[in-house]
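Structure first, then comments.
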Amino acid sequence: MTPTRLEITRPDDWHLHLRDGETLASVIGHTAQRFARAIVMPNLKPPVTTVAQAEEYRRRILASLPAGMRFQPLMTLYLTESTPAEEIIRARDSDSVFAVKYYPAGATTNSQSGVRELSRVYHVLEAMEKHELPLLLHGEVTDPDIDIFDRERVFIDRHLMPLQARFPGLRMVLEHITTRDAVEFVRGAPANVGATITAHHLLLNRNALFEGGIRPHNYCAPILKRETHRAALLQAATSGDPHFFLGTDSAPHPREAKEADCGCAGLYTAHAALELYAEAFDQVGSLDRLEAFASFHGPDFYRLPRNQDRIALERTPWIVPDEYPLAGSTCKPMRAGESVAWSVVGG
Ligand code: NCD
Ligand code: ZN
């Protein structure tokens with residue numbers, strides 16, 4: 001008998017885009033309903049590059065929480081080629097910044113201020129290794145001569161392996177992994193290397209980009225890959241291996257920014273995040289592994305306490321709205337107008 005109800009320790013989201021201002025206010029409730037904490041991405045315009053900016057952003061997030069909701073934002077800094085090593089000391093001494101994010105310049109939304117040449121930030125990485133501050137990697141090369149579907153694999157060979165050899169003690173998370181190559185690299189790495197996996201990369205392969213026509217709402221970075229890669233990700237997520245943990249990469253964009261001549265990358269999944277992961281784990285009969293992936297491996301990697309309270313899910317399908325309000329516009333969520341098999345009880 002497959003279970004119809006599941007109760008687990010409240011999970012955390014280890015990779016999330018909350019944006020700012022009215023957009024932040026539109027989306028924060030979805031995450032706070034499900035997750036106790038989230039690692040908040042710093043790719044605002046302008047990016048969050050200092051501890052002082054991260055603390056201000058943290059206050060804005062807390063101020064936008066709907067009344068009565070509890071949620072702890074875990075802040076990150078955006079690494080640039082001019083980040084001073086002293087900022088790492090300030091981050092270590094703060095109780096609000098938990099990691100530093102590496103974006104290759106040009107890889108994704110608001111990555112223009114990212115790093116062009118890794119060797120220019122070696123002094124910062126040295127400080128991070130010393131002070132044990134995790135580096136979160138958007139693991140894609142951006143060279144125009146590399147096929148878009150190979151960007152992650154080539155990043156691992158060209159940059160990640162040399163980085164690991166140069167900074168063996170550096171704590172690193174390969175974010176939103178999408179390939180079997182990444183799974184194999186992370187699985188074979190020591191415990192100071194981890195990886196987040198999104199719900200959409202567990203549920204969709206690249207055919208979802210072209211179902212009867214081009215589907216801009218399924219376009220994200222890193223781009224969806226072929227089925228063999230999706231299967232490898234699902235195997236990794238449900239394997240019980242502590243290297244792998246939950247990170248939604250929920251990335252809201254106004255509908256018109258995605259349905260455009262040059263549409264933005266990012267799927268919005270916060271409205272059904274835990275439910276979608278439950279669906280993916282259920283597909284392979286591994287619901288009993290969801291709690292460790294969603295609620296234990298992340299805090300263990302970040303050396304934070306596991307949450308104490310619990311959340312219940314039941315196998316009751318519901319239909320996702322066609323859209324959600326997003327500041328003055330709307331956002332089309334994953335599964336818009338279609339059903340999700342699991343519900344959060346009381347959610
Ligand atoms: C993210 C965004 O919109 O900020 N987009 C995405 O496709 N995942 C940025 C990112 O994490 O790459
Ligand atoms: Zn992201």
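Just follow the structure's listing: the first ligand is 1, and inside any ligand the first atom is 1.
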Q: Could you tell me which N, O or S atom of His17 is nearest to the Zn ion (ligand 2)?
A: NE2

Q) With a cut-off of 4.0 Å, which atoms of ligand 1 are near a heavy atom of His138? A) 12 (O)

(Q) Under the side chain to side chain contact (heavy atoms under 4.5 Å, CB included) test against Phe245, which residue among Val173, Ile197, Asp300 passes? (A) Val173

**Q.** Close approach of Glu140 to ligand 1, heavy atoms, under 4.0 angstrom
**A.** no

Q) Does Arg171 count as lying over the ring of Phe301, i.e. NZ or CZ under 6.0 Å from the six-ring centre, within 45 degrees of the axis? A) yes

Q: Using a 4.0 Å heavy-atom threshold (strictly under), name the region of Met41 that reaches ligand 1: side chain, backbone, both or neither.
A: neither

Q. Of all the heavy atoms in His176, does at least one lie under 4.0 Å from an atom in ligand 1?
A. yes

Q: Run the salt-bridge test on Asp150 and Arg153 with the 4.0 Å N-O cut-off and return the result as yes or no.
A: yes

Q | Electrostatic pair Arg151:Asp143 at N-O distance under 4.0 angstrom | A | no

Q.
I need the single residue from Thr196, Thr248, Asp249 that forms a side-chain hydrogen bond (donor to acceptor under 3.5 Å, both in side chains) with His15. Which is it?
A. Asp249

Q | Check: Ala221 N/O within less than 3.5 Å of ligand 1 N/O | A | yes

Q) Would you say His253 contacts ligand 1, with heavy atoms under 4.0 Å as the rule? A) yes

(Q) Quick test: of every protein heavy atom, which one is nearest to atom 8 (N) of ligand 1, and how far off is it to 0.1 Å? (A) Asp249 OD2, 2.7 Å

Q) When you check the side-chain N and O atoms of Arg187 and Gln235, is any donor under 3.5 Å from an acceptor? A) yes

Q. For atom 5 (N) of ligand 1, what's the nearest protein heavy atom and its distance?
A. Ala265 O, 3.1 Å

(Q) Please report whether ligand 1 has a polar contact with Thr108, defined as an N or O pair separated by less than 3.5 Å (distance criterion only). (A) yes

Q) Do His271 and Tyr324 have ring centroids that are under 6.0 Å from one another? A) yes

Q: Output yes when the distance from some N or O of ligand 1 to some N or O of Tyr219 is under 3.5 Å, and no in every other case.
A: no

(Q) Show the atoms of ligand 1 that are less than 4.0 angstrom away from any heavy atom in Gly266. (A) 5 (N), 6 (C), 7 (O)

Q. Looking at His15, which atoms of ligand 1 are within less than 4.0 Å of one of its heavy atoms?
A. 11 (O)

Q. With backbone taken as N, CA, C and O and side chain as the heavy atoms from C-beta onward, which portion of Asn43 lies under 4.0 Å from ligand 1: side chain, backbone, both, or neither?
A. side chain

Q: Mark yes or no: Arg215 above the aromatic ring of Phe210, with NZ or CZ under 6.0 Å from the six-membered ring centre and no more than 45 degrees from the axis.
A: no

(Q) Out of all atoms in ligand 1, which are within 4.0 Å of some heavy atom of Cys220? Include the element for each. (A) 7 (O)

Q: Establish, from distance only, whether the side-chain atoms of Thr179 and Lys225 form a donor-acceptor pair under 3.5 Å.
A: no

Q: Scan side-chain atoms only and decide if Asn205 and His229 contain a donor-acceptor pair under the 3.5 Å cut-off.
A: no

Q) Within less than 2.8 Å of the Zn ion (ligand 2), any N, O or S from His15? A) yes

Q: Examine Asp249 and say whether one of its N/O/S atoms is closer to the Zn ion (ligand 2) than 2.8 Å.
A: yes

Q. Is it the side chain (CB and beyond), the backbone, both or neither of Lys258 that lies under 4.0 Å from ligand 1, heavy atoms counted?
A. neither

Q) Between Arg116 and Glu81, is there a side-chain N and carboxylate O pair less than 4.0 Å apart? A) no

Q: Measure from the Zn ion (ligand 2) to each N, O or S atom of His176 and report whether any distance is below 2.8 Å.
A: no

Q. When you measure from atom 11 (O) of ligand 1 to every protein heavy atom, which one gives the shortest distance, and what is it?
A. His17 NE2, 3.0 Å

Q | Other residues, nucleotides, ligands: >12 heavy atoms within 6.0 Å of Asp261 CG | A | no

